[in-house]
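This is a predicted model, so every value here is computed, not measured. Chain naming here is simple, since letters A, B, ... match the order of the sequence lines and numbering starts at 1 in each.
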2 protein chains.
Amino acid sequence: MANINDIAKRAGVSVSTVSRVLNNNPYVSESKRAAVQSVIDEMDYTPNRLAVDLIRKETRNIGVIMPYNNNQAFDQMLHGVLNRSVELGYTVMVLPTKYNPETELNYLNMLKSKQLDAVIITSRSNPWELLTPFTKYGTIVSCEYTEHPEIGCAYMNRYASFVEAFTLLKDKGHIRAAFTTARGEESNSTKLTIKAYQHVFGDLLPEYHVSNCYNIDDGVRAAQQLLTTHLRPTAVYANGDEVAAGIYQYTRGAQLLVPDDLAIIGQENQPVGIGLGLTTVDHRLVQVGEHAFNLAIHKSTDKIEIPYRVIVRQST
Amino acid sequence: MANINDIAKRAGVSVSTVSRVLNNNPYVSESKRAAVQSVIDEMDYTPNRLAVDLIRKETRNIGVIMPYNNNQAFDQMLHGVLNRSVELGYTVMVLPTKYNPETELNYLNMLKSKQLDAVIITSRSNPWELLTPFTKYGTIVSCEYTEHPEIGCAYMNRYASFVEAFTLLKDKGHIRAAFTTARGEESNSTKLTIKAYQHVFGDLLPEYHVSNCYNIDDGVRAAQQLLTTHLRPTAVYANGDEVAAGIYQYTRGAQLLVPDDLAIIGQENQPVGIGLGLTTVDHRLVQVGEHAFNLAIHKSTDKIEIPYRVIVRQST
DNA sequence: TTGAAAGCGCTAACAG
DNA sequence: CTGTTAGCGCTTTCAA
């Protein structure tokens, strides 16, 4: 395939002139510019992006680290990132970890190997101490709040939102509630949920917390587990509308009425929640993704809180 | 940052030797290999991937062209691609077009500029004639069937599935049905839907086809439109479970019973469809994505048909 | 087994 | 305004 030298020869100019034309450098006479451009068109030439990036030390590629890519919550953030990246001519690489710390570290190493200008971490599986050193090689933005001054973040106030959800249930007369989470206590989000629960309801019965919930099936399983304990919960806060939908589904089979027998709150305002009329806490994850992208390309270390909202529907 | 020369100097060997160690070339004495490795570790060196790719003429990056990234159907295919890519050490770039032909062409140009080894097209907005020339620069795989011998494809038999869905409705006693589509007749999928409809039901009343449907809101709008025509349809085949969910939602507000007053079939077996108990045609899009990826990395031009399945639930 | 040297395709001083 | 030249960081002959 033709390269810049071929174009230069054929146009009777030096490679610098071709490069200047390519990069819209003003210091090129109109005649030469036209000549070069016509050769470029004629030979259907496209510069090699690897060579350009190598010398410019910039790729305009940004990576999005996410545990799962078939998860509505993370897909929303990815969607936000893509919204902005397309506008601004950046390319996005999807980096799924399945919460494997080693995989995550390999992805961060892409900053060091110059494949990526920046990385957005939607959810992490390593302690910050292992992650922050990579800021030497590129920008790291988090979708979770962190004190670390070298990490920008676009985050939601998870704790406040959890407290609000539980309070909503308490105000409806529930003395206690159950809840589901994705991971166990290794996860910050889970820890915050527990803390918020205790703040609102006091002591937590261990059997009222079901972890490892990601989709509808997990919700069904959780409901099965929760609704057959000796002290049946009257309300449940699910970590996502799909999980909530699974719980809802189980109640129908068990002849239980929502919200009378069981109140349900989901998260992230997903289609299934809209369809089923589930009350939900929308953390506005698309906005989180958009802001994270902005921070990334501006190499900003700002901390931006994205306000959440509670959408009350028929399930509470 | 340290480069291969620094390592070579510090280890007292030539860059070739370092390169050999890096690439596990067997022709390196154990002593030198150890020396080089220890310098690499000590200096925390990582090779520059751009330089490597530039010279190897391969990136192990593959692009996935999709109209929208916040659409369950395309996300399923992307998910399939990611499943395999992670296993095999490839990186995936998400390339959303919003069905803009120019944007799509720019993405294909990434093959030419050596940013990408292959491109998977989940849905296209240009005629094949404009796309196939790019096979000169890299592999192109399609998730839609095409005759073009230079294009591999992992596809579903859309037409057959549409015929089956309409036939299911006809067998239930419906004399005609309405349906929704994403795009208009510029889209192959829409054309096939119409053709399948006519095959099963004969003439199509123009007001029974609503296009531009992507999500729940579009479904509500479509239902509104369809259920207020003078000859109200008794069944509708939606192009996705979210759209179907919107239609379902509208029927509740309108005091109509599903399936007695209106039968509904969706597509892609999405969470909202499971939650609502919607009959659906599952095109197994995750599998489509997985196969597409395999074709891409093997530079294969095979044509693989992925079997669909109909999941009957309570909405028909 | 090892190293020198010639690139890969491009950008950017620098000198003119 | 234009061309020469020195790289960017790596792989890979080729000869030793």
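Of the two residues near DNA chain C, B:V15 and B:K57, the one whose nearest nucleotide lies more 5' is B:V15. Residues A:S19 and B:Y27 each lie close to DNA chain C; by heavy-atom proximity, the contact nearer the 5' end of the strand is made by B:Y27. Of the two residues contacting DNA chain D, namely B:A2 and A:I55, the nearest-nucleotide position lying further toward the 5' end is that of A:I55. Nearest-nucleotide mapping onto DNA chain D: of B:V18 and A:A51, the residue sitting toward the 5' end is A:A51.
Between C:dG9 and A:N3, a contact under 4.0 Å exists linking OP1 or OP2 to a side-chain N or O.
Residue A:N23 is in sugar-phosphate contact alone, with no base atom involved, counting any heavy-atom pair closer than 4.0 Å across all strands shown.
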Report, one line per pair, each donor and acceptor closer than 3.5 Å where one atom sits in a side chain of residues 286-295 of chain B; sequence neighbours left out.
| from | atom 1 | to | atom 2 | distance (Å) |
| --- | --- | --- | --- | --- |
| B:H291 | ND1 | B:Q287 | O | 3.1 |
| B:N294 | OD1 | B:R84 | NE | 3.2 |
| B:N294 | OD1 | B:R84 | NH2 | 3.1 |

When you compare the protein's N or O atoms with those of nucleotides 13-16 of chain C, which come within less than 3.5 Å of each other, and at what distance?
none

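For A:E102, the CD atom is loosely surrounded, since the number of other residues' heavy atoms within 6.0 Å does not exceed 12.
To the nearest angstrom, C1' of D:dC8 lies 17 Å from CZ of B:R49. With rounding to whole Å, A:K112 atom NZ is found 15 Å from D:dG9 atom C1'. In this structure, B:D53 atom CG and C:dC10 atom C1' are separated by 15 Å, rounded to whole Å.
Contact check on B:D53 versus B:K114 returns no salt bridge, with no Lys/Arg side-chain nitrogen under 4.0 Å from an Asp/Glu carboxylate oxygen.
Note: A:S187 OG to A:L192 CG = 8.0 Å, rounded to the nearest 0.5 Å.
For the pair B:R20 and B:Y27, the NZ or CZ position fails the cation-pi test of under 6.0 Å to the six-membered ring centre and within 45 degrees of the ring normal.
Legend: residues meeting salt bridge (charged side-chain N to carboxylate O under 4.0 Å, His left out) with A:D75, ordered by chain and number and at least two apart, are absent.
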